[in-house]
Amino acid sequence: MSSINYQQFTLGVEEEYMVIDPQTRELKSHEQKIVLEGQKIIKDKVKAEMHQAVVEVGTDICKNIDEALNDISILRKTISQVAGELGFAMGAAGTHPFSHWQSQLITDHVRYSEIVNELQEAARSNLIFGLHVHVGMENREMANHIANSTRYFLPHIYALSTNSPFWEGRQTGYKSFRTKVFDKFPRTGIPEYFATIEDYDNFVKMLVKTNCIDNAKKIWWDLRVHPFFNTVEFRICDVPLTAHETIIIAALFQAICAKIYKLRTNNLNFIQYSRALINENKWRASRYGLDGRLIDFGKEEEVNTRVLIYELLEFVDDVVDELGSRHILSLVPNLLETGTGADRQLKVYNETNSMVEVVDYIREQFLYGI
């Protein structure tokens, strides 16, 4: 149905990077120097995060996936160059393989002081690096509808992004330990189903009124209707090693939103599953990545995760040409073959038995292919 306006599904991508000491390979506080220098070149597309060893970047609002890839490539190259000139190195992974959070400094900012004051060790230990993808929506009602329906697919795409197998020098046994660290925060994880946008707004109002939060940005779910923009924001994924992996994930989120929208225009909907069931799949994705099985709730059976991702590609196939993202999604089979960032980090570690080599690999991958 070409009467659908596929241009509405704009993209915004945010990545969190680690600042690395090139000598020790530990995380290193850059005292916001990278941010300050970076802002001279890319303005407000780079900002500080709670921990001083983290740099966050965000693209412009991108009309399509090619613009997003171009923007992320420029951001990675710029930050890498600025960091290099200041004597730092950069990397992108959900956790640092061996640095301890206790030795990392917190950014001096009133918002972060408040969060640390309230959440204490949960906040101080939250030294993790995520990927957030915003997909544009025509209005908040539609954003709520699409958020409800896309919850089911969060574990599938999360499995593809897993990139944090190590924590504080230990092999965790997880493909993504990042979410285990983040689970200590309140208001995280898979969100509830909200029948209407009013229900969601009333929930937020109740939390604000009772001093649980001061604004809706303190709702840190794996996906949320954004409090200020007309977007659905996907927050479940580890930041991937490479720019192309980030863009593959962004293209998948965009395609799922467009597909759910297309079904809606034909008076169809994707079945809604409970948060508890979706959580079972999230746990499996976190533990096994692509090597496990997720539950197909329709069939009520376990299915190989890679098979489900192929099914997902089929599910969105009729919208990807309209979105102009087929060339990017055609890279998914290759990623299923070579493995996620976690698989590749583990491979380096198993071959070298060295966490330092793993960090060097993370650094090498930062500008790979761009």
Side-chain angles (χ1 to χ4, degrees), residues 12 14 16 47-52 54 56 58 94-95 101 104 106-135 137 139-152 154-155 158 176-238 272-283 286:
E14 297 168 320
E16 293 167 342
K47 41 186 201 286
E49 253 298 333
M50 184 156 77
H51 286 87
Q52 290 196 25
V54 186
E56 185 185 317
T95 53
W101 59 264
Q104 296 302 319
I106 301 287
T107 302
D108 185 18
H109 186 286
V110 63
R111 177 165 177 253
Y112 300 131
S113 308
E114 283 170 7
I115 289 175
V116 171
N117 188 40
E118 183 180 13
L119 300 180
Q120 295 289 315
E121 180 153 324
R124 286 191 289 270
S125 64
N126 194 51
L127 191 50
I128 55 174
F129 307 84
L131 164 70
H132 300 163
V133 177
H134 292 259
V135 181
M137 298 285 140
N139 55 48
R140 296 184 76 245
E141 287 73 20
M142 185 55 73
N144 183 64
H145 171 75
I146 287 176
N148 282 330
S149 298
T150 50
R151 294 177 316 140
Y152 170 77
L154 289 172
Y158 171 43
S176 169
F177 197 68
R178 172 186 142 269
T179 51
K180 298 292 126 205
V181 178
F182 196 41
D183 282 347
K184 294 186 289 224
F185 268 49
R187 300 177 293 280
T188 54
I190 305 284
E192 299 281 357
Y193 167 86
F194 289 97
T196 65
I197 190 68
E198 288 76 24
D199 287 356
Y200 169 69
D201 288 340
N202 287 335
F203 169 78
V204 172
K205 279 179 196 145
M206 169 67 119
L207 291 189
V208 172
K209 186 179 178 183
T210 55
N211 288 324
C212 298
I213 58 176
D214 53 5
N215 72 68
K217 286 198 91 164
K218 290 207 176 128
I219 294 172
W220 294 295
W221 293 330
D222 293 335
L223 147 167
R224 66 183 179 189
V225 174
H226 195 275
F228 312 126
F229 313 129
N230 270 358
T231 67
V232 171
E233 182 187 10
F234 295 91
R235 307 165 48 85
I236 194 171
C237 291
D238 290 358
Q272 300 295 332
Y273 293 103
S274 73
R275 175 183 183 170
L277 277 179
I278 299 167
N279 259 328
E280 291 297 328
N281 272 345
K282 181 185 175 182
W283 142 250
S286 147

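FYI, side chains are in, hydrogens and waters are out, and symmetry mates aren't considered; it's all heavy atoms of this structure.
Put simply, the side chain of Asn144 never gets that close to the backbone of Arg140: no donor and acceptor are under 3.5 Å apart. Distance alone, capped at 3.5 Å, places no donor-acceptor pair between the Thr231 side chain and the His226 backbone. Glu16 contributes a side-chain N or O that, together with a main-chain N or O of Gly130, makes up a donor-acceptor pair within less than 3.5 Å. Using modelled atom types, one side-chain atom of Thr107 and one backbone atom of Met50 make a donor-acceptor pair closer than 3.5 Å. A donor-acceptor pair under 3.5 Å links the side-chain atoms of His51 to the main chain of Arg124, judged by distance alone. Side-chain atoms of Asp183 never come within 3.5 Å of backbone atoms of Thr188 as a donor-acceptor pair (strictly under, hydrogens ignored). Of the possible polar contacts, none joining the Ser286 side chain to the Lys282 backbone as a donor-acceptor pair under 3.5 Å is found.
Heavy atoms only, all atoms of each residue included: Pro186 and Trp220 are closest at O-CE3, 3.5 Å. Heavy atoms only, all atoms of each residue included: Ile146 and Met137 are closest at CD1-SD, 3.6 Å. Taking all atoms of both residues into account, the shortest heavy-atom contact from Val225 to Tyr200 is O-OH, 2.9 Å. Of all heavy-atom pairs between Val116 and Ala123, the closest is CA-CB, 3.9 Å. Between Arg178 and Arg235 the shortest heavy-atom distance is NH2-O, 3.3 Å. Listed here is the closest heavy atom pair of Leu127 and Phe129: O-CE1, 3.9 Å.
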**OP:** Evaluate side-chain contact (heavy atoms from CB on, under 4.5 Å) for Val133 paired with Glu14, printing each intermediate quantity in order.
**Re:** CA-CA 6 Å; Val133 177; Glu14 297 168 320; over 6 Å; no

Subject >> Working for side-chain hydrogen bond (donor to acceptor under 3.5 Å, both in side chains), residues Thr179 and Tyr158 >> reply: CA-CA 10 Å; Thr179 51; Tyr158 171 43; 2.7 Å; yes

**OP:** Quick one: do Gln272 and Ser149 satisfy side-chain hydrogen bond (donor to acceptor under 3.5 Å, both in side chains)? Show the steps, please.
**Re:** CA-CA 6 Å; Gln272 300 295 332; Ser149 298; 3.0 Å; yes

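The closest side-chain heavy-atom distance from Pro155 to Ile278 is below 4.5 Å.
Using cut-offs of 30° and 60° on the angle between ring planes, the pair Phe229 and His134 is perpendicular.
Taking a 6.0 Å sphere around NZ of Lys217, one finds it holds 12 or fewer heavy atoms contributed by other residues, nucleotides or ligands. More than 12 non-hydrogen atoms from other residues, nucleotides or ligands lie less than 6.0 angstrom from CG of Asp214.
For Asp222 and Arg151, the salt-bridge test fails: no basic side-chain N is under 4.0 Å from an acidic carboxylate O.
Annotation: Phe203 is in aromatic contact with Trp221 [ring centroid separation under 6.0 Å].
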